[in-house]
S.K.: 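Let me begin by handing over the structure; questions about it come next.
To find a chain, count down the sequence lines: A is the first, B the second, and so on, and within it residues start at 1. Because the structure is a prediction, the values reported are computed rather than measured.
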Amino acid sequence: MSCFSSLCALRRQLKTSNPIKIITLLQPWTSMEDFKQIHAHFLRSNRIMDSFIAAKMLEFCAVSAQNIDYALRMFNNTDQRDAYLWTAMIRGFVKVRMPEKAIEFYCLMRSEGVQPNKFTFLFALKAYSSIYNYQEGMVLHGKLLKNGLHFDEFLRNALIHMYSKCRDIMAARRLFYEIPTDNAVNWNTIICACFVCGDIESAQKLFDEMPNKNVESWNAVISGYSKCGLVDVARSLFDIMPEKDLVSWSVMISSYVRSRRAAEALNVFKDMQLSGIQPDSVTMASVLSACAQVGALDMGRWIHAYVSKNKLRHDVFLGTSLVDMYAKCGCIDTALQVFNSMPKRNVSSWNALLCGLAMHGQGDEALVLFKQMESFGVVPNDVTFVAVLSACSHIGSVDEGWKQFDRMDKEFSIIPKIEHYGCMVDILGRAGLIDEAKNLIKSMPMEPNVIVWGALLTACKIHGDTDVGEDVVRGLEKMVPADGWCYVLLSNIYAARNQWGSVEKMRKTMRNIGIKEKVPGCSSVEVDGVVHELFVNDKSHPDWRDIYEVTNRINNHLEVEGYVSNPSWVLYNIDE
DNA sequence: ATAGGGTTAG
């Protein structure tokens with residue numbers, strides 16, 4: 001769509017204006033269609049394009065429109081390549097997150113003998129930071145020192161940023177303290193750096209001392225606390241901050257999503273809508289993830305419609321969140337449709353779909369999809385293999401499970417994590433190979449966790465093996481203070497062995513250290529767009545009698561139909 | 001021109 005009322009209007013203007021005036025038509029909101037008209041106009045009228053105009057045109061393409069392919073074609077058709085033009089390309093590559101290409105162009109530029117300016121250095125430094133290239137970052141720092149450019153406020157900040165990304169917090173701090181500054185950007189950068197290193201005290205101290213706090217500073221500390229796992233601290237800061245912008249709301253929503261507190265995330269989203277600040281695709285990616293966590297399909301569909309209607313940027317993150325939401329809510333077909341319509345996919349997008357299939361018992365389909373993924377040349381990661389192995393578990397194929405497990409390290413250099421061992425124990429256990437499962441646990445390079453023991457116990461239960469063995473009990477007892485689930489597992493083993501004394505002892509320990517019986521299971525249901533959370537034996541809802549009446553009737557109905565309750569169908573869920 | 005936000009798995 002042209003931003004002008006018609007193409008004719010634009011063409012009229014192009015005919016009557018001079019080149020400099022035409023260049024001012026290139027604004028951040030100018031469409032690519034209008035741009036092409038302007039470009040064509042120049043190609044027609046000026047046999048050789050003025051180098052200033054050519055640079056502005058390319059810069060628009062690379063930086064504003066982020067059409068890096070088009071920019072590259074323009075770049076290749078130019079023979080006068082000055083620092084400005086090179087920098088526009090480098091900047092464009094940084095913007096579309098292709099730092100390697102940015103660096104490639106920076107090196108090419110140098111090898112062609114073009115002297116970089118401070119803007120070139122700024123974006124080259126940003127490119128090195130984003131791929132954590134500490135060595136080259138330091139080389140660039142040296143160059144800036146030689147040119148005296150390290151006094152430049154922008155470059156100084158980029159250097160602090162680079163050192164903080166590359167985890168050289170000391171170097172970052174040295175640069176920050178070297179020249180005292182009121183510049184909020186430098187303060188915000190160093191505060192973030194402290195949080196990244198887990199140095200909460202320094203971060204808070206700097207925030208308290210900071211002279212000119214802005215919204216970004218508040219957002220930085222809120223995000224910092226949440227990334228350190230202190231969501232409630234983040235929330236209390238969020239509540240008292242003087243003004244909230246789009247990022248503030250997005251940070252708070254994603255904080256709750258990250259801590260698996262989806263209902264609270266959705267509440268914040270509702271408050272955001274009341275505040276009148278419009279969400280963007282970053283916000284929506286998190287909101288959709290919250291919907292996926294609680295199975296809020298209606299809400300998810302509404303977000304999907306909102307995103308399309310308001311033309312929010314449909315990128316990989318948003319697309320993946322949509323696929324995940326539909327898949328987790330059981331709409332595999334819709335998930336597949338969204339997946340197929342994505343203009344760009346990455347390994348996470350594939351993972352979301354794979355997990356969806358595996359989770360809903362479509363193990364064969366998941367393995368077919370995995371093959372397809374490989375044939376597309378997408379490199380799987382550790383998350384992929386969690387999905388693949390759980391698919392193997394669903395189809396009950398020990399051979400396929402071992403085969404994929406072996407491929408991890410051999411073909412992809414992915415060292416199996418405890419989750420992968422957990423899946424293998426599950427696969428072996430379900431097939432009745434209890435001894436093999438136990439041996440695998442013994443051979444693991446890490447200490448087994450409660451999930452691994454849980455998988456083994458589930459297997460014992462399925463195969464009527466009441467004696468799980470002393471080693472399992474001892475393994476669990478070792479972890480008792482650390483993990484709430486152990487109490488549940490152990491109590492049930494003791495009960496199965498009729499060791500009621502031990503059961504009572506366990507209950508006492510739990511009471512002593514303040515664990516209430518057990519962490520209640522929680523499920524949620526969405527009614528008319530409101531998410532309700534229900535805990536095991538929850539009687540807080542005013543209509544709890546009616547609710548239990550209905551669920552009991554459903555259970556009875558399922559049993560009549562021959563369904564045997566087996567809660568372990570969910571990935572890793574513990575059978576208790 | 002620089003700083004603050006996002007997806008899958010656990």
S.K.: Within the structure shown, what part of the strands sits under 4.0 Å from Arg156(A) by heavy-atom distance: base, sugar-phosphate, or nothing?
M.R.: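 The residue Arg156(A) makes no contact with any strand.
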S.K.: Does dG5(B) have OP1 or OP2 under 4.0 Å away from a side-chain N or O of Ser254(A)?
M.R.: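 No, Ser254(A) has no side-chain N/O under 4.0 Å of OP1/OP2 on dG5(B).
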S.K.: With sequence neighbours excluded, tell me which residues meet side chain to side chain contact (heavy atoms under 4.5 Å, CB included) with Asn219(A).
M.R.: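 With neighbours one apart ignored, the set is Val215(A), Met241(A), Asp245(A), Val247(A), Ser248(A).
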S.K.: Looking at dG4(B), does its base get a donor-acceptor pair with the side chain of Ser248(A) below 3.5 Å?
M.R.: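 By the distance-only test, no, there is no pair.
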S.K.: Please determine whether a side-chain nitrogen or oxygen atom of Lys328(A) lies at a distance below 4.0 Å from atom OP1 or OP2 of dT8(B).
M.R.: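 For dT8(B), neither OP1 nor OP2 has a side-chain N or O of Lys328(A) closer than 4.0 Å.
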S.K.: Verify, without hydrogens or angle tests, whether Ser289(A) (side chain) and Ala285(A) (backbone) share a donor-acceptor contact under 3.5 angstrom.
M.R.: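 Answer holds: no.
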S.K.: Among dA3(B), dG6(B), dT2(B), which nucleotide sits nearest the side chain of Asn188(A)?
M.R.: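 Looking only at heavy atoms from C-beta outward on Asn188(A), the closest nucleotide is dA3(B).
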S.K.: Per the atom types in the model, does the base of dG5(B) pair as donor or acceptor with the side chain of Arg313(A) at under 3.5 Å?
M.R.: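 There is none.
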S.K.: Ignoring the backbone of Cys355(A), work out which of dA3(B), dG10(B), dA9(B) is nearest its side chain.
M.R.: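 Output: dA9(B).
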S.K.: Check if the side chain of Ser348(A) and the base of dT8(B) share a donor-acceptor pair of N or O atoms closer than 3.5 Å.
M.R.: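 In this structure, the two groups form a donor-acceptor pair.
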S.K.: Quick one: list whatever passes side chain to side chain contact (heavy atoms under 4.5 Å, CB included) with Val383(A), sequence neighbours left out.
M.R.: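 Val383(A): side chain to side chain contact (heavy atoms under 4.5 Å, CB included) contacts with Asn351(A), Asn381(A).
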S.K.: Grab the CE-P distance between Met162(A) and dT2(B) for me, whole Å please.
M.R.: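 Between P of dT2(B) and CE of Met162(A): 17 Å.
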S.K.: Examine the base of dA3(B) for any acceptor or donor lying under 3.5 Å from a partner atom in the side chain of Asn214(A), and report the outcome as yes or no.
M.R.: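 Yes, the side chain and the base share a sub-3.5 Å donor-acceptor pair.
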S.K.: Give the rounded distance in Å between these two atoms: CG of Leu357(A) and C1' of dT8(B).
M.R.: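 So the two atoms are 13 Å apart, to the nearest Å.
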S.K.: Round to a whole Å and report the spacing from CZ of Arg258(A) to C1' of dG6(B).
M.R.: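 It is 9 Å, rounded to the nearest whole Å.
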S.K.: Using whole Å, what does the distance between atom C1' of nucleotide dG6(B) and atom CG of Asn219(A) come to?
M.R.: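 Rounded to the whole Å, the gap is 14 Å.
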S.K.: Is Asp280(A) side chain donor-acceptor paired with the dG5(B) base, going by distance under 3.5 Å alone?
M.R.: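 Side chain to base: pair present.
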S.K.: To the nearest Å, how far apart are Lys165(A) NZ and dG4(B) C1'?
M.R.: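 Whole-Å distance recorded here is 13 Å.
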S.K.: Think Arg345(A) forms a cation-pi with Phe339(A), using NZ or CZ under 6.0 Å from the six-ring centre and within 45 degrees of its axis?
M.R.: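 Yes, Arg345(A) and Phe339(A) form such a contact.
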S.K.: Give Thr384(A) one of three labels, base, sugar-phosphate or nothing, depending on what nucleic acid heavy atoms sit under 4.0 Å from its own.
M.R.: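 It contacts nothing in the nucleic acid.
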S.K.: Out of dG5(B), dG6(B), dT8(B), which nucleotide sits closest to the side chain of Val383(A)?
M.R.: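 Ranking dG5(B), dG6(B), dT8(B) by closest atom to the Val383(A) side chain puts dT8(B) first.
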S.K.: Check whether any side-chain nitrogen or oxygen of Lys227(A) sits under 4.0 Å from OP1 or OP2 of dG4(B), and answer yes or no.
M.R.: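 For dG4(B), neither OP1 nor OP2 has a side-chain N or O of Lys227(A) closer than 4.0 Å.
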S.K.: Measure from CG on Leu149(A) to P on dA1(B) and round the result to the nearest Å.
M.R.: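 After rounding, the gap between these two atoms is 17 Å.
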S.K.: Separation of Gln404(A) atom CD from dA9(B) atom C1', in whole Å?
M.R.: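 For the pair Gln404(A) CD and dA9(B) C1', the rounded distance is 17 Å.
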S.K.: Rounded to whole angstrom units, what separation is found between the CG atom of Asn381(A) and the P atom of dG10(B)?
M.R.: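 Interatomic distance, CG of Asn381(A) to P of dG10(B): 13 Å.
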S.K.: Would Asp208(A) and Gln204(A) count as having a side-chain donor-acceptor pair, cut-off 3.5 Å?
M.R.: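 A pair is found: one side chain offers a donor N or O, the other an acceptor, under 3.5 Å apart.
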S.K.: Using a 4.0 Å heavy-atom cut-off across all strands, classify Ser349(A) as base, sugar-phosphate, or nothing.
M.R.: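 Contact class for Ser349(A): none.
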S.K.: Which is true for Lys126(A) with a 4.0 Å heavy-atom rule: it touches a base, it touches only sugar-phosphate, or it touches nothing?
M.R.: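 The answer is sugar-phosphate, as Lys126(A) gets under 4.0 Å only of primed atoms, P, OP1 or OP2.
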S.K.: Side chain of Phe119(A), heavy atoms from C-beta onward: which of dA3(B), dG5(B), dA1(B) has the nearest atom to it?
M.R.: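 Looking only at heavy atoms from C-beta outward on Phe119(A), the closest nucleotide is dA1(B).
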S.K.: Would you say that more than 12 heavy atoms from the other residues, nucleotides or ligands in this model lie under 6.0 Å from the CD of Glu243(A), or not?
M.R.: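 No, not enclosed.
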S.K.: Answer yes when Lys56(A) and Glu59(A) have at least one side-chain N-carboxylate O distance shorter than 4.0 Å, and no when they do not.
M.R.: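 A salt bridge is present here (some side-chain N lies under 4.0 Å from a carboxylate O).
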S.K.: Check the phosphate of dA9(B) against Arg260(A), side-chain N and O only, distance under 4.0 Å to OP1 or OP2. Yes or no?
M.R.: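 Checking dA9(B) against Arg260(A), a side-chain N or O does come within under 4.0 Å of OP1 or OP2.
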S.K.: Which part of the nucleic acid, if any, lies within contact of Leu246(A), taking any heavy atom under 4.0 Å across all strands shown: a base, the sugar-phosphate backbone alone, or nothing?
M.R.: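 Leu246(A): base contact, heavy atoms under 4.0 Å.
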S.K.: Given dG6(B), dA9(B), dT2(B), identify the nucleotide with an atom nearest to the side chain of Asn157(A).
M.R.: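 That would be dT2(B).
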S.K.: What's the closest nucleotide to the side chain of Ser281(A) if the choices are dG6(B), dG4(B), dT2(B)?
M.R.: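 Comparing dG6(B), dG4(B), dT2(B) against the side chain of Ser281(A), the answer is dG6(B).
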S.K.: Is Ser250(A) near enough to dG4(B) that one of its side-chain N or O atoms lies under 4.0 angstrom from OP1 or OP2?
M.R.: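 No, Ser250(A) has no side-chain N/O under 4.0 Å of OP1/OP2 on dG4(B).
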